[in-house]
Amino acid sequence: MKLKMILGAMTLAAAMTAQAQHVMDINTKKAGVPIQSTMYGLFFEDINYAADGGLYAELVMNRSFEFPNNLAGWDISGKVTLKDDGPFDKNPHYVRMAPAGHNDKHTMIENRGFFGMGVTGGEEYRFSVWARVPDGGNAKLWVDLVDNATMGEDQKLGSASVEVSGKEWKKYTTVIKPKRTFAKAHLRVWGDSKATTDVEHVSLFPVNTYKGRENGLRRDLAQALEDIHPGVFRFPGGCIVEGTDLATRYQWKNTIGPVENRPLNENRWHYTFTQRYYPDYFQTYGLGFYEFFLLSEDIGAEPLPVLSVGLSCQFQNKKESDHVPVDQLDPYIQDCLDLIEFANGDVTTEWGKKRAEMGHPAPFNLKLIGVGNEQWDDLYYDRLEIFMKAIRAKYPDIKIVGTSGPDSEGKMFDKGWAAMKRLKADLVDEHFYRNEDWFLATAEGKAKWPNCGALRYDSYDRKGPKVFAGEYACHGKNNHKWNHYETSILEAAFMTGMERNADVVHMTAYAPLFAHVEGWQWRPDLIWYDNLRSFRSVSYYVQQLFAQHAGTNVLSLTMNGRVVANQDGQDGLCASSVIDKPSGNIFVKVVNTSREKQPVTLNLQGLKGSYAVSTLTLSHNGMDDENTLDQPNRIVPQAGTVAITTDKKGAQVNDELAPMSFRLYRIEKQ
Ligand code: AHR
């Protein structure tokens, strides 16, 4: 009797387990729609000190003395005067350093960098300066990297000097090797005690930049981009494309050619939030369009430049007269046409020649262009139409990316999409910074935003323009608008829906990309840093897991005949699967958004041959968990393996997913 009861209980337990098992049927026999190589991309904007003070490795702030306060970032001593007839017409200011006039006085200029300068002991830093001796003869400039706060006898971390000669402006360089690592160094340039010296474009770069380039990029940050394996790289913004007003819009032609003569622009994020205000936020354009194209090439991504459509930021400029009248768009349109020539034209063309002179005679093979950032309403559609006509006439093969504006749905979003269809834009850039309810499509979410969550794209028109989900991130509600584990997992859940719908979703990018911990205006962000260190957020690893396992074709994945997208009865699961046709490897992404563990079976229908399954898993110690500068690897994908069994019909993988976790299954041919 007792044995019977035990057996009965065991059968019941087995039945309950079987009931709770979530069987996902994956049709491995039929490769579905192709996944574009551009599917998982990156979006760069100079926000949060992403360019100057971030990716762009220049350590000197206001190197050309062109900030409105010409000595912003500089402390001076002795006899320093500002002059404005320098050798670079677009950056005419420089400083004259005259002898201090007494043996015990010194003329010196000291730069504070961007929140200090991060220098590593034993590494080389290339100092350069344009200088002359206005009265003729020779002069010596001493250069020190210093730690102003040290209790030691000597503030110097490292020193070097340059000999300046003659009345002509020339560039001088030397290398400084600091003896120890310091995140907040300053740079001092000492004038000659006997000769007056003019000094312009004072610059300090690590020699060890990404790919070792002069005028290069911070190695750890650029490497983080490459490590994602992005398919597309959108630049330079974002709202900075539009500017706070037309005068401060991003103008690509100002960003090419010698860096010394690229004019300064006000950064739009300088002004945006009075509660986080950065009066020293400007764009030197040292990281300009040539460098963006080069970076796209280096990281293996299709470049996607975005240009002004003649509208300044529509949030900040409400009057029609704040924008360029439709009959005066020619110079803006010409900017687009010239940019395409700059990227693709041969070296005999006007703009192709400029590219070649900068060091890249081969074309960059541009295929995509964005016209307008986050614009809306007829103001935009009327202008875009004129741009499209001109671009199509000259470059019919270039794909044009329009936008549905800042909303993820609603009246203006629908109007935008209708216009994009009418105009036949190739892709529509959608932006959504939404909360957990939106990403998870909870009842509250669906009530407010009917087309939210992982099912969003299942109902999209298959015949219209393709989707570029060009800026998105889950912004936690209830004052949780910062990077934390929970929102990253919900992004992963949502991404399974984009992947399943790869026939309409051709490109995607999280936003924003970068943030300096001492200089941010907007969060969450994908990659954070200070002057020496950086960390990759959990959202970064979500992006990376998708991008590194993008596959070539979607595979159908269903549970009881329905796609797995946190639908009723699916216990918070979202999933997608792809095949990489050349290798035959299959990648399945399963996200458990519930607070319970969930048993899962991957039923790989029709899979024949020998396979091994490895997994990469993101899980947590709490919903607010996140990587930090001090603990950059607190949450990284954990590697594991699971068994695979085969039968006549295919293969099965039985597994269990931890609450709120994301697991990638790599089913690889042996
Ligand atoms: O990513 C931050 C900002 O969000 C972008 O500049 C803009 O396009 C959007 O409003």
Side-chain angles (χ1 to χ4, degrees), residues 41-52 54-55 225 230 232-246 248-250 265-273 275-276 278 281 283 287 292 304-318 369-377 379-380 384 401-410 412-413 416 420 427-435 438 467-476 481-483 487 491 507-516 519-528 537 539-540 543:
L42 293 171
F43 160 53
F44 179 92
E45 174 169 24
D46 189 2
I47 181 174
N48 306 321
Y49 285 83
D52 294 290
L55 181 62
L225 304 186
V232 64
F233 186 68
R234 174 178 177 240
F235 57 87
C239 292
I240 68 163
V241 167
E242 306 155 57
T244 307
D245 47 25
L246 282 171
T248 53
R249 73 189 190 279
Y250 195 99
N265 193 28
E266 232 168 45
N267 190 305
R268 179 230 194 276
W269 296 103
H270 165 151
Y271 290 105
T272 309
F273 303 117
Q275 75 278 18
R276 290 195 67 81
Y278 292 92
Y281 201 177
Q283 298 171 268
L287 170 52
F292 280 129
L304 168 51
V306 184
L307 264 56
S308 164
V309 69
L311 297 175
S312 52
C313 175
Q314 287 173 268
F315 285 113
Q316 295 174 319
N317 298 276
K318 309 280 186 208
I369 191 165
V371 184
N373 168 45
E374 197 178 62
Q375 331 290 167
W376 66 87
D377 218 345
L379 270 181
Y380 174 50
L384 179 65
V401 183
T403 164
S404 50
D407 297 329
S408 53
E409 50 273 293
M412 201 48 83
F413 173 86
M420 294 309 114
L427 290 116
V428 178
D429 182 7
E430 296 188 345
H431 295 178
F432 31 94
Y433 299 100
R434 293 286 189 242
N435 67 22
W438 191 94
V467 172
F468 174 28
E471 289 186 30
Y472 72 90
C474 182
H475 283 195
K481 204 169 103 40
W482 56 74
N483 286 82
T487 47
E491 286 155 8
M507 312 198 296
T508 64
Y510 179 99
L513 184 54
F514 281 128
H516 194 297
W520 59 271
Q521 297 83 46
W522 182 298
R523 62 179 179 177
D525 305 289
L526 211 58
I527 299 163
W528 286 83
S537 66
S539 291
Y540 173 97
Q543 294 294 319

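Just follow the structure's listing: the first ligand is 1, and inside any ligand the first atom is 1. Here, residue 1 is the first one in the sequence, and each next residue gets the next number.
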Legend entry - Contact check: Cys239 vs ligand 1, nitrogen or oxygen atoms, below 3.5 angstrom: yes
Legend entry - Check: Trp522 N/O within less than 3.5 Å of ligand 1 N/O: no
At less than 4.0 angstrom from any non-hydrogen atom of [X], what atoms of ligand 1 do you find?
X      : result
His431 : 8 (O)
Pro512 : 1 (O)
Gly238 : 5 (C), 6 (O), 8 (O)

Inset, instruction - Go through the steps to decide whether Trp438 and Glu409 satisfy the test side chain to side chain donor-acceptor pair (under 3.5 Å), and finish with yes or no. - result: CA-CA 11 Å; Trp438 191 94; Glu409 50 273 293; 3.1 Å; yes
Legend entry - Non-hydrogen atom of Trp269 closer than 4.0 Å to ligand 1: yes
Legend entry - ligand 1 contact by Gly237, heavy-atom criterion under 4.0 angstrom: no
Given the side-chain rings of [X] and [Y], with only the six-membered ring counted for Trp, is the space between their centroids under 6.0 Å?
X      : Y      : value
Trp528 : Tyr540 : no
His475 : Tyr433 : yes
Tyr49  : Tyr281 : yes
Phe235 : Phe292 : yes

For [atom], find the nearest protein heavy atom and state the residue, atom name and distance (0.1 Å precision).
atom                    : answer
atom 2 (C) of ligand 1  : Tyr433 OH, 3.6 Å
atom 6 (O) of ligand 1  : Glu45 OE1, 2.5 Å
atom 4 (O) of ligand 1  : Glu471 OE1, 3.1 Å
atom 10 (O) of ligand 1 : Glu374 OE1, 2.8 Å

Inset, instruction - Check each heavy atom of Asn373 against ligand 1 and say whether those closer than 4.0 Å belong to the side chain, the backbone, both or neither. - result: side chain
Legend entry - CA sep, side-chain torsions, deciding dist, call: Leu513, Phe43, side chain to side chain contact (heavy atoms under 4.5 Å, CB included): CA-CA 6 Å; Leu513 184 54; Phe43 160 53; 6.0 Å; no
Legend entry - Check: Cys239 main-chain N/O paired with Glu45 side-chain donor or acceptor under 3.5 Å: yes
Inset, instruction - Return yes if some donor-acceptor pair links the side-chain N/O of Asp46 with the main-chain N/O of Ala51 below 3.5 Å, else return no. - result: yes
